[in-house]
Every structure is written in C-alpha cells, then in structure tokens.
Amino acid sequence: MNKHCPRNYRSLLAATLACVLTTPVWAAQPPATDPVREEVKAVLNQHDEAMDKQDLKALLSLYADDPTIAMMGTGPGEFWKGKAEVETAYKEFLKDFKAGSLKHQCSDTSGGHHGEVAWLVASCNMQDITLDGQKREYVLNVSAVLKKEKDSWKFQTLHFSNLTSGDAPPTEGAASAPAATPAAAPKKTP
C-alpha cells in the first residue's frame with residue numbers, strides 16, 4: 001500500500017466534510033440582487049422624482065416610444081391612451097400639489113421580467129402639500145408594465161389607484177356591506 005494513501009484519504013475526507021458542513025451556509029445566503037428588478041424600481045423612483053419637480057418632459061421621457069402607451073387611474077374617466085392624453089393627464093395632476101412637496105416610500109413591492117418585458121406592483125405611502133398649504137398623506141397602489149428600449153426600461157402602461165374615501169378596505173374575513181341599490185329610472189309617460 002502506498003504510504004501517501006492515508007494522507008490522501010484524510011485530505012479527501014476533510015474536503016468532503018468541509019463541503020457538507022458549509023452547504024447550509026451557502027443555502028442561507030441571500031440570492032444575488034436582480035439587476036433588472038433594480039432598474040425597474042429605479043424607473044418608478046425617477047417617475048416620483050419627476051412628479052415632485054413637476055417636470056413634465058422628464059415624466060413623458062419615461063414612457064415607451066409607442067402610440068399604444070396608456071395610463072389608468074382609480075375611477076371612471078381615468079383612462080388615458082397615447083402620449084397626448086397621458087401628457088394632458090399629468091398637466092392636471094401637477095396642478096394638484098406644490099412642487100417639491102411630494103415624498104414617497106414604496107416599501108411593499110413585487111415584480112418580475114422576461115426578456116424585454118418587465119412588470120411591477122407597489123404600495124406606496126405618499127405625502128404632499130396642496131396648493132392651499134394642506135398636508136396630505138395617502139397610500140397609492142401602482143402597477144406597471146415596462147419594456148426595454150435601447151438601454152433603458154420605459155413604461156408601456158402605468159396604473160395607479162387609491163381609496164376614494166376615508167374608509168379603510170375591509171379586513172380579511174369581515175362581511176362586506178351590501179352594494180347600494182341603483183335608483184330606479186323615472187317612468188316614461190306615454
């Protein structure tokens with residue numbers, strides 16, 4: 001028997017034990033940061049910064065160069081298609097608060113990507129000051145689809161919504177209130 005064999009066996013055993021003992025440590029390591037996800041989150045942050053500065057040109061530059069872009073709000077009539085309608089909507093939004101007063105924190109986010117398409121959802125705590133000096137705090141839910149154009153991600157669609165009343169959403173398991181009955185249509189006289 002070769003006199004180096006026991007030493008080689010011990011080296012192999014030590015290496016095997018080292019791999020087995022450190023495998024749980026490798027498994028416990030957080031996954032590497034997804035660069036696409038970070039780029040998409042950065043676009044959302046750029047949007048909010050441009051809103052805060054009331055920079056219409058910067059806002060529109062975040063949208064894809066595509067005639068089918070769209071933005072949607074919370075209620076009826078809040079659906080804007082194409083750059084001209086999206087621009088008109090932003091002009092109205094920017095009239096609603098003082099420049100430099102918008103603050104946001106989007107601590108609850110999710111998203112993904114496949115090829116040249118990415119999506120995100122976020123729930124953001126927002127603050128701003130109205131033109132008459134009133135401080136507002138509200139939650140804004142955002143969802144978006146983005147596509148890669150050249151070297152950057154651009155919004156194809158952007159949807160935002162918030163509660164339209166001071167009521168909080170029903171808690172899980174709580175019975176919801178019955179829907180309001182629409183008013184009866186007036187009867188036509190013959």
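Along the sequence shown, residues are numbered consecutively beginning with 1. Hydrogens, waters and symmetry mates play no part in the numbers below; they use all other heavy atoms, side chains included.
Atoms CG and OG, on Leu140 and Ser123 in that order, are 8.0 Å from each other to the nearest 0.5 Å. Between Asn141 atom CG and Asn162 atom CG the span is 8.0 Å, to the nearest 0.5 Å. Interatomic distance, Asp55 CG to Gln46 CD, rounded to the nearest 0.5 Å: 11.5 Å. Glu87 CD to Lys91 NZ: the interatomic distance, rounded to the nearest 0.5 Å, is 4.5 Å. To the nearest 0.5 Å, atom CE of residue Met51 and atom CG of residue Leu62 are 11.5 Å apart. Between the CG atom in Asp34 and the NZ atom in Lys41 there is a gap of 10.5 Å [rounded to 0.5 Å].
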Derivation of the side chain to side chain contact (heavy atoms under 4.5 Å, CB included) call for Thr130 and Phe97 = CA-CA 4 Å; Thr130 63; Phe97 67 96; 5.9 Å; no
query = Can Asp66 and Lys147 be said to form a salt bridge (Lys or Arg N to Asp or Glu O under 4.0 Å), step by step?
reply = CA-CA 10 Å; Asp66 184 329; Lys147 69 180 185 179; 2.9 Å; yes
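Tracing side-chain contacts under 4.5 Å through hydrophobic residues (I, L, V, M, F, W, Y), one never reaches Trp119 starting from Ile69; they form parts of separate clusters. Under the 4.5 Å side-chain heavy-atom criterion for ILVMFWY residues, a single connected hydrophobic cluster contains both Tyr138 and Leu94. Clustering ILVMFWY residues whenever any of their side-chain heavy atoms sit less than 4.5 angstrom apart, transitively, puts Val145 in a cluster other than the one holding Leu59. By the rule that hydrophobic residues join a cluster once side-chain heavy atoms approach within less than 4.5 Å of another member, Val36 and Val142 end up as members of one cluster. Under the 4.5 Å side-chain heavy-atom criterion for grouping Ile, Leu, Val, Met, Phe, Trp and Tyr, Val43 is connected to Leu120 within one hydrophobic cluster.
Grouped with Met72 in one hydrophobic cluster are Phe79, the linkage being side-chain heavy-atom contacts under 4.5 Å among Ile, Leu, Val, Met, Phe, Trp and Tyr residues.
Residues Val86 and Leu60 meet the side-chain proximity criterion, which asks for heavy atoms closer than 4.5 Å.
No donor-acceptor pair under 3.5 Å is formed between the side chain of Glu149 and the backbone N or O of Lys154. Side-chain N or O atoms of Asn125 include none that pairs as donor or acceptor with a backbone N or O of Cys106 at under 3.5 Å. Judged by distance alone, the side chain of Glu78 and the main-chain N or O of Thr74 form a donor-acceptor pair under 3.5 Å. A donor-acceptor contact shorter than 3.5 Å is absent between the side chain of Glu85 and the backbone of Gly82. Distance alone, capped at 3.5 Å, places no donor-acceptor pair between the Ser110 side chain and the Val121 backbone.
For the pair Leu44 and Ala122, the tightest heavy-atom approach, listed with the atom from each and the gap, is CD2-CB, 4.1 Å. Residues Trp80 and Gly73 approach most closely at CZ3-N, 3.8 Å, considering heavy atoms. Heavy-atom minimum distance, Asp52 versus Leu102: OD1-N, 2.8 Å. Residues Lys98 and Gln54 come closest through the heavy atom pair C-NE2, 3.8 Å. Of all the heavy atoms in Arg37 and His113, the pair that sits closest is N-CD2, 4.5 Å. Residues Lys148 and Asp151 come closest through the heavy atom pair CE-C, 3.9 Å.
No option in Trp153, Phe93, Tyr90, Tyr63 other than Tyr90 meets the ring-ring contact (aromatic ring centres under 6.0 Å, His included) test with His47.
At a cut-off of 3.5 Å, with distance as the only test, no side-chain donor of Ser101 or Asp128 sits close to an acceptor on the other residue. Between the side chains of Gln156 and Thr68, a donor-acceptor pair is found at a separation under 3.5 Å.
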